[in-house]
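Bear in mind the structure is a predicted one, so any value in this text is a computation, not a measurement. A, B, ... follow the sequence lines: proteins, then strands. Residue 1 opens every chain.
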Amino acid sequence: GAVVSQHPSWVICKSGTSVKIECRSLDFQATTMFWYRQFPKQSLMLMATSNEGSKATYEQGVEKDKFLINHASLTLSTLTVTSAHPEDSSFYICSAYPGPPDGYTFGSGTRLTVV
Amino acid sequence: KQEVTQIPAALSVPEGENLVLNCSFTDSAIYNLQWFRQDPGKGLTSLLLIQSSQREQTSGRLNASLDKSSGRSTLYIAASQPGDSATYLCAVYQGGSEKLVFGKGTKLTVNP
């Protein structure tokens, strides 16, 4: 089946620094990828839709200048958390939709801790 | 606006028991429905995808059914094992530019 690889699986950074998270589709091309955020014991929250070769679409309430998304190729989307603060600490997950029979395919997630 | 509800929110069963997880959705005009499992601190693993023209899908001990007209899906787990302990999520996709809509999940604990 389709595989989405996400890296790193965890990262600790100092407050004020930036962190980049990568999401790759390994065996299919993804013109669109999705970035989610999940707080402990809560549901996934869609942050933004990443579109290859064009600007990302952000959900209401998500700061696009803080969460920079780049989708430079058909297999790679990146999420950069800029000037990270402790409240940005969370679990970030990416996803892509290769279509049936695979359906939506998710990465393994990145645990970000800002200290 | 599509809404997805999962019942129960949590379920604890002894090993070996057969169980059913329920998912309901408000708009029956869906393209497909997908069941996932999420282990603590991990991403989502796709279990079964049911396209709108299908009524059920099976994978090993898992069987998922779909009744679009009533807006319901069930995930049946046979002979449950402790390794089945996880949160199970139901999500529907309405096609095109619509977003995947998730239920809040059922947290399953299978006791040895």
Side-chain angles (χ1 to χ4, degrees), chain A residues 1-11 21-25 28 31-51 54 56-60 62 89-113, chain B residues 1-7 9-10 23 25 30-54 56-60 62 64 66 73 75 86-109:
Chain A
V3 177
V4 170
S5 175
Q6 186 171 344
H7 180 81
S9 55
W10 61 270
V11 58
I21 302 170
E22 292 188 348
C23 181
R24 294 180 184 273
S25 57
F28 66 98
T31 55
T32 303
M33 289 186 175
F34 306 90
W35 287 96
Y36 294 83
R37 182 174 183 176
Q38 186 177 36
F39 291 105
K41 298 185 179 182
Q42 293 191 23
S43 298
L44 292 168
M45 182 191 78
L46 180 65
M47 299 174 62
T49 300
S50 167
N51 303 296
S54 65
T57 304
Y58 291 82
E59 296 300 301
Q60 190 172 9
V62 177
S89 298
S90 189
F91 191 58
Y92 295 88
I93 313 175
C94 67
S95 172
Y97 182 65
D102 295 295
Y104 278 85
T105 303
F106 285 77
S108 55
T110 297
R111 170 72 58 192
L112 170 63
T113 302
Chain B
K1 178 187 173 187
Q2 178 75 268
E3 293 182 0
V4 179
T5 302
Q6 290 187 246
I7 295 173
C23 171
F25 45 95
I30 64 170
Y31 185 73
N32 60 40
L33 182 145
Q34 202 165 351
W35 283 93
F36 298 90
R37 79 175 266 171
Q38 185 176 29
D39 294 281
K42 305 292 185 182
L44 274 64
T45 300
S46 180
L47 298 173
L48 290 164
L49 170 73
I50 310 177
Q51 297 183 64
S52 63
S53 59
Q54 299 172 324
E56 67 175 348
Q57 283 287 337
T58 299
S59 176
L62 305 179
L66 173 64
S73 175
L75 178 67
T87 296
Y88 289 79
L89 296 162
C90 167
V92 299
Y93 173 52
Q94 294 188 267
S97 61
E98 294 295 321
K99 306 175 183 75
L100 192 62
V101 180
F102 283 93
K104 295 192 175 190
T106 294
K107 183 176 181 181
L108 172 65
T109 302

Engineer: Are B:L49 and B:Q57 packed together at the side-chain level, in the sense that at least one heavy-atom pair is separated by less than 4.5 angstrom?
Structural biologist: no

Engineer: Measure the OH-OG1 distance between A:Y97 and A:T31 for me, rounded to the nearest 0.5 Å.
Structural biologist: 12.0 Å

Engineer: Side chain, backbone, both or neither: which part of A:Q38 has an atom under 4.5 Å from a heavy atom of chain B?
Structural biologist: side chain

Engineer: Under 4.5 Å, counting heavy-atom pairs only, tell me which of A:G109, A:S9, A:G103, A:G107 racks up the most with chain B.
Structural biologist: A:G103

Engineer: Is chain B contacted by the side chain of A:F34, its backbone, both, or neither, given a heavy-atom distance below 4.5 Å?
Structural biologist: neither

Engineer: Examine whether an atom of B:Q38 lies under 4.5 Å from a heavy atom of chain A, and if so say whether it belongs to the side chain, the backbone or both; otherwise answer neither.
Structural biologist: side chain

Engineer: Angle between ring planes, B:Y31 versus B:Y93, binned at 30° and 60°: parallel, tilted or perpendicular?
Structural biologist: perpendicular

Engineer: Is any side-chain heavy atom of B:I30 closer than 4.5 Å to one of B:L66?
Structural biologist: yes

Engineer: With B:K42, which of B:D39, B:T45, B:L44 fulfils side-chain contact (heavy atoms from CB on, under 4.5 Å)?
Structural biologist: B:D39

Engineer: Please check: side-chain N/O of B:Q6 versus main-chain N/O of B:Y88, any donor-acceptor pairing under 3.5 Å?
Structural biologist: yes

Engineer: Which bit of A:Y104 comes within less than 4.5 Å of chain B, counting heavy atoms only: side chain, backbone, both or neither?
Structural biologist: both

Engineer: Measuring heavy-atom distances to chain B, does A:P100 have an atom under 4.5 Å in its side chain, in its backbone, in both, or in neither?
Structural biologist: both

Engineer: Among B:L89, B:L100, B:L48, B:N32, which has the most heavy-atom pairs under 4.5 Å with chain A?
Structural biologist: B:L100

